[in-house]
Amino acid sequence: MANEAVIIELLGTPAGHPIRYIVADGTAITKGTLMVVTDPRTAVAHSGGQTAFVGIAATDKVASDGQLSIALYNYGIFDLVAAAAGATTVGYPVILSTTTNMITLEATAASITGARVGKALEAVANSE
């Protein structure tokens with residue numbers, strides 16, 4: 001995948017408040033991938049669309065390695081990539097973009113999807 005999140009600072013105790021989710025054995029996941037939730041409590045890599053964000057992959061997951069769960073960070077400061085037309089303003093909320101593994105500025109109606117990732121701590125230009 002591309003545009004993985006980079007850890008700046010993990011907050012809380014334990015650091016990053018990792019939560020385990022179910023994953024498909026045959027799926028490969030790169031550390032830093034933005035993850036969304038499906039039923040039941042299953043995490044999949046964000047592949048576009050403003051669906052329910054649940055965290056950032058804490059480790060790599062190799063396809064068909066027998067692992068059926070993965071820890072996701074959900075509390076910290078991360079360097080994320082804004083999509084084209086995804087410019088943000090410092091302090092404004094950001095959500096999952098319709099572009100795979102990227103974020104964009106939140107529109108009022110978007111928060112109802114659960115796509116909110118967090119708050120921009122710096123202004124970001126398109127594709128930055």
Side-chain angles (χ1 to χ4, degrees):
M1 190 167 277
N3 304 313
E4 285 79 15
V6 176
I7 298 168
I8 302 298
E9 183 176 358
L10 294 175
L11 305 173
T13 304
H17 287 186
I19 296 175
R20 294 200 79 71
Y21 285 84
I22 299 166
V23 291
D25 180 38
T27 302
I29 299 170
T30 304
K31 179 180 178 178
T33 298
L34 302 179
M35 304 291 287
V36 298
V37 68
T38 63
D39 192 34
R41 195 179 172 178
T42 301
V44 297
H46 173 245
S47 61
Q50 296 169 341
T51 54
F53 172 76
V54 289
I56 296 170
T59 61
D60 287 326
K61 156 88 176 67
V62 176
S64 302
D65 63 356
Q67 294 298 314
L68 299 175
S69 69
I70 190 170
L72 306 181
Y73 291 131
N74 61 59
Y75 190 45
I77 299 171
F78 301 87
D79 190 6
L80 304 174
V81 178
T88 64
T89 304
V90 67
Y92 281 46
V94 293
I95 60 170
L96 294 172
S97 167
T98 55
T99 305
T100 300
N101 219 31
M102 292 183 159
I103 59 165
T104 192
L105 187 63
E106 179 179 356
T108 305
S111 63
I112 201 163
T113 65
R116 182 176 285 169
V117 174
K119 185 183 296 186
L121 298 181
E122 64 181 44
V124 178
N126 295 338
S127 301
E128 178 182 39

Using atom types as modelled, flag every donor-acceptor pair under 3.5 Å from a side chain in residues 67-77 to any protein atom, sequence neighbours excluded.
{"residue": "S69", "atom": "OG", "partner": "R20", "partner atom": "NE", "Å": "3.2"}
{"residue": "S69", "atom": "OG", "partner": "R20", "partner atom": "NH2", "Å": "3.0"}
{"residue": "N74", "atom": "ND2", "partner": "H17", "partner atom": "O", "Å": "2.9"}

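Note: L80 CG to I56 CD1 = 5.5 Å, rounded to the nearest 0.5 Å. Note that the CD atom of E4 and the OG1 atom of T33 stand 5.0 Å from one another [nearest 0.5 Å].
Connection of I8 to F78 is not established within any shared hydrophobic cluster, with ILVMFWY side chains joined at heavy-atom distances below 4.5 Å, either directly or through further cluster members. Both L121 and L11 are members of a single hydrophobic cluster when ILVMFWY side chains are connected at heavy-atom separations under 4.5 Å. Clustering ILVMFWY residues whenever any of their side-chain heavy atoms sit less than 4.5 angstrom apart, transitively, puts Y21 in a cluster other than the one holding F53.
A 4.5 Å side-chain heavy-atom check between I95 and I103 finds every atom pair outside the cut-off. Side-chain contact between V54 and H46 is absent, with no heavy-atom pair separated by less than 4.5 Å. Within the 4.5 Å cutoff, side-chain heavy atoms of R41 are placed close to those of I19.
Looking only at distances, no side-chain donor or acceptor of D25 sits under 3.5 Å from a matching main-chain atom of A63. The main-chain N or O of M102 is never found under 3.5 Å from a side-chain atom of N3 such that the two would form a donor-acceptor pair.
Considering all non-hydrogen atoms of both residues, K31 and I7 come closest at CE-CD1, 4.3 Å. The shortest non-hydrogen separation linking T99 to A83 is OG1-CB, 3.9 Å. Here the closest non-hydrogen pair linking Y92 and L105 is CB-CD1, 3.4 Å. A pairwise comparison of heavy atoms in G16 and L10 identifies N-CB, 3.7 Å as the closest pair. The nearest pair of heavy atoms linking L96 to L34 is CD2-CD1, 3.8 Å. In terms of heavy-atom proximity, K61 sits nearest to V23 at CE-CG2, 3.7 Å.
Looking at V37, T42, V44 one by one, the single match for side-chain contact (heavy atoms from CB on, under 4.5 Å) with I22 turns out to be T42.
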Can you check side chain to side chain contact (heavy atoms under 4.5 Å, CB included) on I29 and M35, steps first, answer last? CA-CA 9 Å; I29 299 170; M35 304 291 287; 3.6 Å; yes
